[in-house]
Amino acid sequence: MRLISLKNHKLLTSTAESHYDRLLKSPANNHSRIKQIHSSLVTSGLLQISPHLTAQIIINYSKLGHPRSARSLFDELVSNSSKPGSFLWNTMIRAYTNNGQWSDALALYSLMRRSGVWPNNYTYPFVLKACGHDPSAGIWSGKTVHGELIRNGLESDLYVEAALVIWYAKCGELNDGRKVFDGMTSRDLVCWTTMITAYEQAELPRESLMMFGFMQQQQGILADSVTVVSVASAVGQLGNVKSARSVHAHALCCGILEDVCGGNAIVAMYGKCGDVESARMAFDRMEERDIISWNAVLSGFVQNGQAREAFSLFELMKESGCRPNPLTALIMLSACSFLGSCQLGMKIQGFLVDNKITVDLTLRNALIDMYAKCGDLETAMGMFNDIGVRERDVTSWNVMIAALGTHGRGKEALDLYLRMQEEGVRPNHITFVSVLSACSHAGLIDEGKNCFADMQRFSVKQEVKHYACMVDMLGRAGLLNEAFDLVRTMPSPPNDGVWGALLLACRVQGNSELGEVAANNLFLLEPEHPGYYVLMSNVYAASRKWHEVGNLRTEMKSRGLMKPAAVSMIEYRGEIVGFQTADWLNPFRHEAYKKLEGIAVEMKSRGYFPDRSCVLHDVEEEDKDHILNYHSEKLAVAFGIIKSEAGSTITVMKNLRICCDCHSAFKLISDIYRRRIVVRDGNRFHHFEAGSCSCNDYW
DNA sequence: GTAGGGTTAG
């Protein structure tokens, strides 16, 4: 009799267990439903006898983002001295890692060890993942874990090994990761993807693509969407359109584009490779789009200088019902910066408010940056001052220092640099780029040298980009030899930025011998970059070496390189109007040309002579005047004068540097026509007013 | 009875 009842009891229990198991696995569960099930399991006493159901509750809490509820249940078990086995510890550690609570996961693991519970092959993948993500966990933590799992004889478990590979890669020990990978007896798709991703994240795209090719050809393993996402990202780093197409083709045959993540990766890849048309096509063909898809295609357009197209896409995005997020706002603000349009920037700012998108510090910093880049330094400064001194982060200071620097207000930039230190904010590598280039723009050589020396005091590494700032600063100040010495003695090999700065200085200083040295290095490093050929031919032209100019032109032609066209943009009635020389499609060209003729007459009557030295063609002097008079920036300014009143400000954005004749002309024009003229060129801002320029002719 | 690899941005 007693035997039967016990049997019945067991039967009942197992029926109840499977009933609850089914309930707990329902996809429709929410937090309150799980709490209900949890409490009825406690009252029925089932929870205490079923580790399986306990695990299910923990997993559910974790999935719903409530690892704390899971932990209190877990703690109860421990205090009831029911001694949960490794299985439940693993489940709880997993709950933490799945919610990104890396340090909690590691703390629990350490408690597990102290409680004398033995970790197993299921434990280590979670623990290693947490080691790789938790910034407070040093390299030793993972190495300790590695040693420990070897002692436990788990070093040849597929899952543990894959976790080790990704952990080594995360902390920069890629070679050790590769050793683990090479030592594996079998590798599945996930292991290969791990290694491919490891190379991609270490910014070694070639190695990543090699592994991808090897996996497919030698091992015959088919990629899935996760693999393709990593490979697409590697191709994006490489920026090679051909590879992009082959990855795209691969994604097409595997049906990976039906996956939103896969599609997003392809769109982003094309954007980074500079092929916006393909990015747009891949985007249009996606079956399903999320906010990441929109951000990817938008930033592709902005990064490739198609900011206007980005704005029409942004309108489409809103119509489609996809709600922009703070990242979308950042992308659109950089589009405003590119166009130099404060009006569009204000629209984006209004959009944020209307849609209750929280304007956090990151966005406030981005707004400051946008206003400064659109020429409205006063608004930028006002916003910077509105952020409480305690609230400002290092980016706030960096953005404002860079803004003052590009507007030529070097002393104020240096002042902010000192103030940030007084406020206890530590300058970082970006601060020094901003402050050094601020010194460079303002010709503050001694101050710049002091800042460069400060870097060691703040233990900020002097990187190649900082050397480029120094070379620019010294070279443009006429200290070409000192600049060249720095190039020769710098600790790492100079890159195109450094040689480019030197070449530019040679043009300003008219030194064609040193210019050749810089240019030859540039032609080796960046043979397909048209800007450097143009710059060197400018150096030759300034010394009237027309033969050499001709040779460079032939070289460019044979490589199929084109000199980028100069475009100047100005805002008119909320639209951006672009001016180019010989642009027959511009509806405003007639009035602009006509006005320019009038301006030329007016200037001549004031005794102005065109500065022919900056026309770099071998042509007759009178033709030079003609070329000079119709530069894109002059057309834009003439148009600005027609459409504005005396006493107002005209703002023009140019993609290339302003020429010296336009610079002298604008000083006079600002006086004759009583306009403030703000010109943003490829390098900095010039504020012309009452006959002089804010740069004091140092540029 | 439990596991592993990931996308946008700067």
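Only this structure's heavy atoms are used, side chains among them; waters, hydrogens and symmetry mates stay out. Keep in mind it's a predicted model, so treat the numbers as computed, not measured. Each chain gets a letter, A, B and so on, in the order the sequences are listed, and its residues count up from 1.
Salt bridge present: A:Lys25 and A:Asp21 bring a charged side-chain N and a carboxylate O closer than 4.0 Å. No salt bridge links A:Arg280 with A:Glu309; every basic N to acidic carboxylate O contact stays at or beyond 4.0 Å.
Contacts of A:Leu330 with the nucleic acid, taken as non-hydrogen atoms under 4.0 Å apart, are absent. Across all strands, A:Thr91 comes closer than 4.0 Å to no nucleic acid atom at all (heavy-atom distances).
Atoms CH2 (A:Trp167) and P (B:dA3) sit 23 Å apart, rounded to a whole Å. Rounded to whole Å, atom P of B:dG5 lies 11 Å from atom CZ of A:Arg94. Rounded to a whole Å, the CD atom of A:Glu200 is 15 Å from the P atom of B:dG5.
Ring geometry for A:Phe181 versus A:Trp192: interplanar angle over 60°, hence perpendicular rather than tilted (30 to 60°).
Dashed line: the shortest gap from a side-chain N or O of A:Gln201 to OP1 or OP2 of B:dT7 is under 4.0 Å.
The aromatic ring of A:Tyr122 does not stack onto the base of B:dA3, failing the criterion of a centre distance under 5.5 Å from the six-membered base ring together with planes under 30° apart.
Residue A:Asp182 is tested with A:Arg178, A:Met184, A:Lys179 for a side-chain contact (heavy atoms from CB on, under 4.5 Å); the sole match is A:Arg178.
In this structure, of B:dT8, B:dG6, B:dG1, it is B:dG1 that holds the atom nearest to the side chain of A:His52.
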